[in-house]
Novice: 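If you scroll down you'll find the structure; I have some questions about it.
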Amino acid sequence: MDIAQSVQQLKPSYIREILAAASDKNVISLAGGLPDEKTFPIDLMTPTLEALPAMTQVFQYGSTSGYEPLIEHLTQAYRLPATHQVITCTGSQQGLDLIARAYVNPNDTVVMEAPCYLGAMQVFGLMQANIITVSQDEFGPNIQQLEQHFKVSSPKMFYAVPDFHNPTGVCWPLEKRRQVAELCIQYNVAFIEDAPYRELRFAGEELPLVSDFCPDHSIVLRSFSKVASPGLRVGTITGKQSYLAPLIKVKQGADLHSCVPVQAIVLGLLEHPDFPKHLAQVRALYQSRYNTLFQALKTYLSDDCQISPVEGGMFLWVTLPKCDTFKLAQELLANNVAVVPSPVFYPTQDEAPPAMRLNFTNANSEDLLIAVQRIADVLTNAR
Ligand SMILES: Cc1ncc(COP(=O)(O)O)c(C=O)c1O
């Protein structure tokens, strides 16, 4: 049987390969985007887990838009306007897939940041979208370039991760959020705001969503993967009803609805009086690991490597002197450290400046220090 053309053109995932290599116990992995297993709030989920056998109704077929008590809770928690709604989905990744399938025809233009979240490139690539990119600096996307794209290419949507970007860790300042929202309204472009790291702010001031400035031109994706556990596979999509109605149709065809008992577990977790304490502990742990990694990089790497500080999330982006980053990642792996080289995050890999993404949430501080010393040694030897 011939494989569909849309699937044939998918490149093998370098990340999958590197993560497989990084699962070796001797490798210190700074490659994945994994939360630390020790943070999984199993104890806060236990009351619901124990109550489940008596909750027969959650084992019946459910509603496509989600488990009603969870939807009610989230509608209030997200302070949604009456015209907006929530859909729960099987991880925010499914939200992205539903958006792409509901709205993107082959050759429709989608604007993304460069570098960009790999999973989004895959989803829009599968729909054979015409992906064009806007460059990014430490303050988010280049506004002049974005407006030019909106003017010249009339894209259907702009997909972005404004809070603690994957892979760069960049968090857009307030003014940038306003500017992007205004452009989306002016040029009638839907803003797809992917916000899985928003709850992981450990420094600085909380900022409004970009979508708060363009609520009728945006869809927001959130996730419980980073603050609870990724294995639960629960995320949410919010936006105005007319935007979300086609997503419900596509979800019906995809999986009828997300797992109801798991949605009940997430509700129990969110309503647990100790959930805010759990969040604070996760943030404090990640902040201390980030501090260790950042300080070590500043201490051990030479001045031609640039590292911008972050205020949350899971990643640091290290800009390197000119080099073959794939070769560097292989050499690091030979030295038992896994990192992700920059080209993986660019639709056109040749355009990637030399850099690497480092994760600071999964390895402990001791291992982070050892990893940085090995990175510094490999970089010195490569000179
Ligand atoms: C930017 C971004 N969006 C979406 C996802 C998918 O998350 P989920 O586990 O909710 O499907 C990830 C996962 O790492 C991510 O980094």
Side-chain angles (χ1 to χ4, degrees), residues 13-16 18-19 22 29-37 39-40 66 70 74 86-100 110 112-126 131 133 136 140-141 157-172 191-201 209-211 218-238 247 251 254-255 258-259 262-263 265-266 269-270 282 286 310 312-317 340 344-347 357-362:
S13 165
Y14 178 83
I15 291 225
R16 250 197 317 274
I18 204 155
L19 287 182
S29 179
L30 279 54
L34 307 187
D36 189 315
E37 282 178 27
T39 65
F40 296 163
L70 177 62
L74 295 172
V86 188
I87 302 175
T88 54
C89 46
T90 307
S92 58
Q93 186 70 26
Q94 188 189 38
L96 257 175
D97 185 52
L98 297 179
I99 292 169
V110 174
M112 304 174 81
E113 297 160 288
C116 178
Y117 168 50
L118 186 67
M121 272 188 320
Q122 282 172 331
V123 161
F124 291 118
L126 256 178
I131 296 174
T133 57
Q136 193 200 59
M157 55 183 77
F158 173 33
Y159 164 85
V161 183
D163 289 288
F164 316 121
H165 186 266
N166 177 5
T168 61
V170 164
C171 185
W172 302 4
F191 184 61
I192 311 302
E193 181 158 21
D194 193 5
Y197 302 103
R198 190 170 161 78
E199 306 291 322
L200 290 183
R201 174 181 284 282
L209 288 163
V210 176
S211 304
S218 56
I219 297 180
V220 183
L221 300 169
R222 295 176 176 87
S223 174
F224 294 103
S225 292
K226 315 298 178 182
V227 291
S229 124
L232 294 170
R233 308 305 304 130
V234 182
T236 65
I237 315 168
T238 57
L247 305 187
K251 186 165 166 62
D255 63 357
S258 294
C259 174
V262 169
Q263 293 182 67
I265 291 168
V266 169
L269 176 65
L270 296 177
V282 175
Y286 292 168
V310 299
M314 292 189 158
F315 305 110
L316 263 181
W317 186 248
V340 187
V344 165
F345 303 105
Y346 285 78
R357 185 190 77 177
L358 304 182
N359 165 269
F360 54 80
T361 58
N362 196 244

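Start at 1 and go down the list; that is how both ligands and their atoms are numbered.
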Novice: Within the 4.5 Å heavy-atom criterion, are E193 and L209 side-chain neighbours or not?
Specialist: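 SC-SC contact between E193 and L209 confirmed.
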Novice: With heavy-atom distances below 4.5 Å as the criterion, would you say the side chains of V310 and W317 are in contact?
Specialist: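 Side chain of V310 against side chain of W317, heavy atoms only: no contact under 4.5 Å found.
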Novice: Which atoms of ligand 1 have any heavy atom of G91 under 4.0 Å away?
Specialist: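 Within the 4.0 Å cut-off of G91, ligand 1 contributes 10 (O), 11 (O).
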Novice: Identify, by atom number and element, the atoms of ligand 1 in contact range of V161, meaning under 4.0 Å from any of its heavy atoms.
Specialist: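 The atoms of ligand 1 under 4.0 Å from a heavy atom of V161 are 1 (C).
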Novice: Identify which of S223, G95, A195 has a heavy atom lying nearest to atom 10 (O) of ligand 1.
Specialist: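 Shortest heavy-atom distance from atom 10 (O) of ligand 1: S223.
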Novice: Can you pull out the closest protein heavy atom to atom 16 (O) of ligand 1? Residue, atom name and distance to 0.1 Å, please.
Specialist: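 Looking at atom 16 (O) of ligand 1, the protein heavy atom closest to it is Y197 OH, 2.5 Å.
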Novice: May I ask you to check if ligand 1 and Q93 share an N or O to N or O distance below 3.5 Å?
Specialist: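 Checking ligand 1 against Q93, an N or O pair does fall under 3.5 Å apart.
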Novice: Give the minimum heavy-atom separation between L247 and I87, together with the two atoms involved.
Specialist: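 So the minimum-distance heavy-atom pair works out to CB-CD1, 4.1 Å.
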Novice: Does any N or O in the side chain of N362 come within less than 3.5 Å of the main-chain N or O of P35, such that one atom is a donor and the other an acceptor?
Specialist: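 Yes, N362 side chain to P35 backbone: donor-acceptor pair under 3.5 Å.
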Novice: Any side-chain donor-acceptor pair under 3.5 Å between T168 and Q136?
Specialist: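 Result is yes, a qualifying pair exists.
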Novice: Are Q94 and S258 close enough that some pair of their side-chain heavy atoms sits under 4.5 Å apart?
Specialist: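 Answer yes - side chains close enough.
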Novice: Which ligand 1 atoms are under 4.0 Å away from a heavy-atom of D194?
Specialist: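 Once the distances to D194 are compared, the set is 1 (C), 2 (C), 3 (N), 4 (C).
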Novice: Which part of R233 is near ligand 1, with near meaning a heavy atom under 4.0 Å away: side chain, backbone, both or neither?
Specialist: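 Side chain only.
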Novice: Examine ligand 1 and decide if any of its atoms is less than 4.0 Å from a heavy atom belonging to P196.
Specialist: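 Judged by the 4.0 Å heavy-atom criterion, P196 does count as contacting ligand 1.
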Novice: Would you check, one step at a time, whether the test side chain to side chain donor-acceptor pair (under 3.5 Å) holds for Y159 with D194?
Specialist: CA-CA 7 Å; Y159 164 85; D194 193 5; 2.5 Å; yes
Novice: Identify the protein heavy atom lying closest to atom 5 (C) of ligand 1, giving its residue, its atom name and the separation to 0.1 Å.
Specialist: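 For atom 5 (C) of ligand 1, the nearest protein heavy atom comes out as Y117 OH, 3.3 Å.
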Novice: Would you kindly specify which portion of F224 sits under 4.0 Å from ligand 1, judged on non-hydrogen atoms: side chain, backbone, both or neither?
Specialist: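 Looking at F224 and ligand 1, no heavy atom falls under 4.0 Å.
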Novice: Just which atoms of ligand 1 are under 4.0 Å from any heavy atom in S225?
Specialist: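 By the 4.0 Å cutoff, the relevant atoms are 8 (P), 9 (O), 10 (O).
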Novice: Can you list the steps and then say if F315 with Y197 is a ring pair (Phe, Tyr, Trp, His ring centres under 6.0 Å)?
Specialist: CA-CA 10 Å; F315 305 110; Y197 302 103; 5.7 Å; yes
Novice: Pick one of side chain, backbone, both or neither for how P230 approaches ligand 1, counting any non-hydrogen atom pair under 4.0 Å.
Specialist: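 No part of P230 is near ligand 1 at this cut-off.
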Novice: Quick one: look at K226 and ligand 1, take heavy-atom pairs under 4.0 Å, and tell me if it's side chain, backbone, both or neither.
Specialist: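 Within the 4.0 Å criterion, K226 contacts ligand 1 through side-chain atoms alone.
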Novice: Heavy atoms only: which of S92, G231, G32 is nearest to atom 6 (C) of ligand 1?
Specialist: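 Answer by nearest heavy atom: S92.
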Novice: Parallel, tilted or perpendicular: which one describes the rings of F191 and W172, with boundaries at 30° and 60°?
Specialist: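 If you compare the ring of F191 with that of W172, the planes turn out tilted.
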